[in-house]
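Report on the following structure.
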2 protein chains.
Amino acid sequence: MTEDLVSILHARGQRVTPQRLVILRSLREHGGHVTAEEICRSIRDDLPGTSVPTVYATLDLLVELGLTRKLDVGVGYALYDARTDPHQHTVCRRCGRVDDLEYKLDREGLTRATEAAGFRADAAELVVAGLCADCVQAPSQ
Amino acid sequence: MTEDLVSILHARGQRVTPQRLVILRSLREHGGHVTAEEICRSIRDDLPGTSVPTVYATLDLLVELGLTRKLDVGVGYALYDARTDPHQHTVCRRCGRVDDLEYKLDREGLTRATEAAGFRADAAELVVAGLCADCVQAPSQ
DNA sequence: ATTGGTGCAAATCCTTTGCAATAGC
DNA sequence: GCTATTGCAAAGGATTTGCACCAAT
């Protein structure tokens, strides 16, 4: 499940550590959007004593390697997403729930708009805020 | 320059305080994307002693009233924008510069995608990351 | 006169840093 | 054995809280 990470690390001359393998596996098994703290808790069984700084450092590395996406949806902490293909996100203003949004950005239009400004874009993140299906139903407040 | 705020506050039965007027005026005079801390400094002349919590509370209020937009572009702190008409943003990975991006989201497509999920959207923010014109030119690193 | 707003200081929260100890290679 | 990684504790920085005072209505 983490063979790709192993070969990338080898290719880059970086070390294959259990922390790196376990964190990526946890991310992939979870499948959704996870906080660093949730990763910490979820790997406690496999690797007791893994430190918070290590989790952050590893997540940063995975992002750099293109194996993970770091999401900032404005909830005050970062979310990590093992799904790296193009998709967007919704965030519920009431309950904070974050879901995938299958929506295609108009890449051509975006490229045109950014190049007009001399900007060299390498990523685009769309966050749609509002009320999730559950909270729309809910009594209110 | 802040008559709209005065009438909204009256209509809502809220108080018209110098802090509220000065902060909105500062935001509008600046025109760009400002941090809470920059607001604090910029109003020091008009209203010495204005506290940080007041600035945050006022900015929150202005956002709620629809007179300001709060931006989270992933730089670790919020930016406030007096421009509230639909537009998006670019953020430079190297120098952190944030600029307006004139790009029209496909509202219809977005509505379709979010409604399919039962989500009631009320705002959409697109942040494009990359290198700004200056940093593209720059020697590198 | 009421009570919503403000200022102050301290707390909170996520994330990063410094440094010694450890473990990949 | 060499040095990248790790763990620990502590620092950092943006934002929020609690509470007494003040000022807008």
Side-chain angles (χ1 to χ4, degrees), chain A residues 2 5-24 26 33-44 46-65 68 70-80 91 96 98, chain B residues 2-3 5-24 26 33-44 46-65 68 70-81 91 96 98:
Chain A
T2 49
L5 174 56
V6 173
S7 54
I8 293 175
L9 289 174
H10 279 153
R12 292 171 49 118
Q14 288 182 286
R15 295 181 184 171
V16 178
T17 66
Q19 288 86 348
R20 290 175 174 175
L21 298 177
V22 169
I23 288 171
L24 179 57
S26 162
H33 312 104
V34 202
T35 65
E37 193 261 331
E38 284 168 343
I39 290 282
C40 258
R41 266 190 289 120
S42 76
I43 64 176
R44 199 152 290 167
D46 295 323
L47 251 88
T50 303
S51 70
V52 177
T54 296
V55 171
Y56 279 103
T58 304
L59 290 170
D60 279 352
L61 176 66
L62 294 177
V63 169
E64 192 190 330
L65 300 182
T68 304
K70 181 179 184 177
L71 305 178
D72 183 356
V73 296
V75 289
Y77 43 80
L79 294 174
Y80 295 87
V91 54
V98 174
Chain B
T2 50
E3 304 78 16
L5 174 56
V6 174
S7 54
I8 293 176
L9 288 174
H10 279 156
R12 292 171 49 117
Q14 288 182 287
R15 296 181 184 171
V16 178
T17 67
Q19 288 85 346
R20 290 174 173 176
L21 298 178
V22 169
I23 288 171
L24 179 57
S26 161
H33 313 104
V34 201
T35 64
E37 193 260 331
E38 284 168 341
I39 290 283
C40 258
R41 267 189 289 120
S42 76
I43 65 176
R44 199 152 292 164
D46 295 324
L47 250 83
T50 303
S51 69
V52 176
T54 295
V55 171
Y56 278 102
T58 303
L59 289 170
D60 279 353
L61 176 66
L62 294 177
V63 169
E64 191 191 330
L65 300 183
T68 303
K70 181 180 184 175
L71 305 179
D72 183 355
V73 296
V75 288
Y77 42 79
L79 293 174
Y80 296 86
D81 190 350
V91 55
V98 174

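The structure presented is a predicted model; accordingly, all values stated were derived computationally and were not measured. Letters A, B, ... are given to chains in the order of the sequence lines, protein chains preceding strands, and every chain is numbered from 1.
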> Counting only non-hydrogen atoms, which of residues 57-65 of chain B are less than 4.0 Å from DNA chain D?
Replying inline: none
> Closer to the 5' end of DNA chain D via nearest nucleotide, is it Tyr80(B) or Pro53(A)?
Replying inline: Pro53(A)
> Considering only dG7(D), dT15(D), dC2(D), which nucleotide approaches the side chain of Tyr56(B) most closely?
Replying inline: dT15(D)
> Glu38(B) has an atom CD; how far is it from atom P of dT15(D), in whole Å?
Replying inline: 11 Å
> If you pin Thr17(B) and Leu9(A) to their nearest nucleotides in DNA chain D, which one's is more 5'?
Replying inline: Leu9(A)
> Tyr77(A) OH to dT15(D) P: how many Å, rounded?
Replying inline: 16 Å
> What nucleic acid atoms does Gly13(A) come within less than 4.0 Å of, heavy atoms only: base, sugar-phosphate, or nothing?
Replying inline: nothing
> Looking at dA24(D), dT6(D), dA4(D), which one has an atom nearest to any side-chain atom of Arg15(A)?
Replying inline: dA4(D)
>> At a heavy-atom distance below 4.0 Å, which nucleotide of DNA chain C is the first touched by chain B, and which is the last?
In response: dT3(C) to dA9(C)
>> Within the 4.0 Å heavy-atom criterion, would you say Thr50(A) contacts the bases, only the backbone, or no part of the nucleic acid?
In response: sugar-phosphate
> Do Lys70(A) and Leu59(A) come close enough that some side-chain heavy atom pair is under 4.5 Å?
Replying inline: no
>> Using whole Å, what does the distance between atom P of nucleotide dT5(D) and atom CZ of Arg20(A) come to?
In response: 4 Å
> How close or far is atom C1' of dT6(D) from atom CG of Asp46(A), stated in whole angstroms?
Replying inline: 17 Å
> How large an angle, rounded to 10°, do the end axes of the helix from dA1(C)-dT25(D) to dC25(C)-dG1(D) enclose when each is built from five base pairs?
Replying inline: 40°
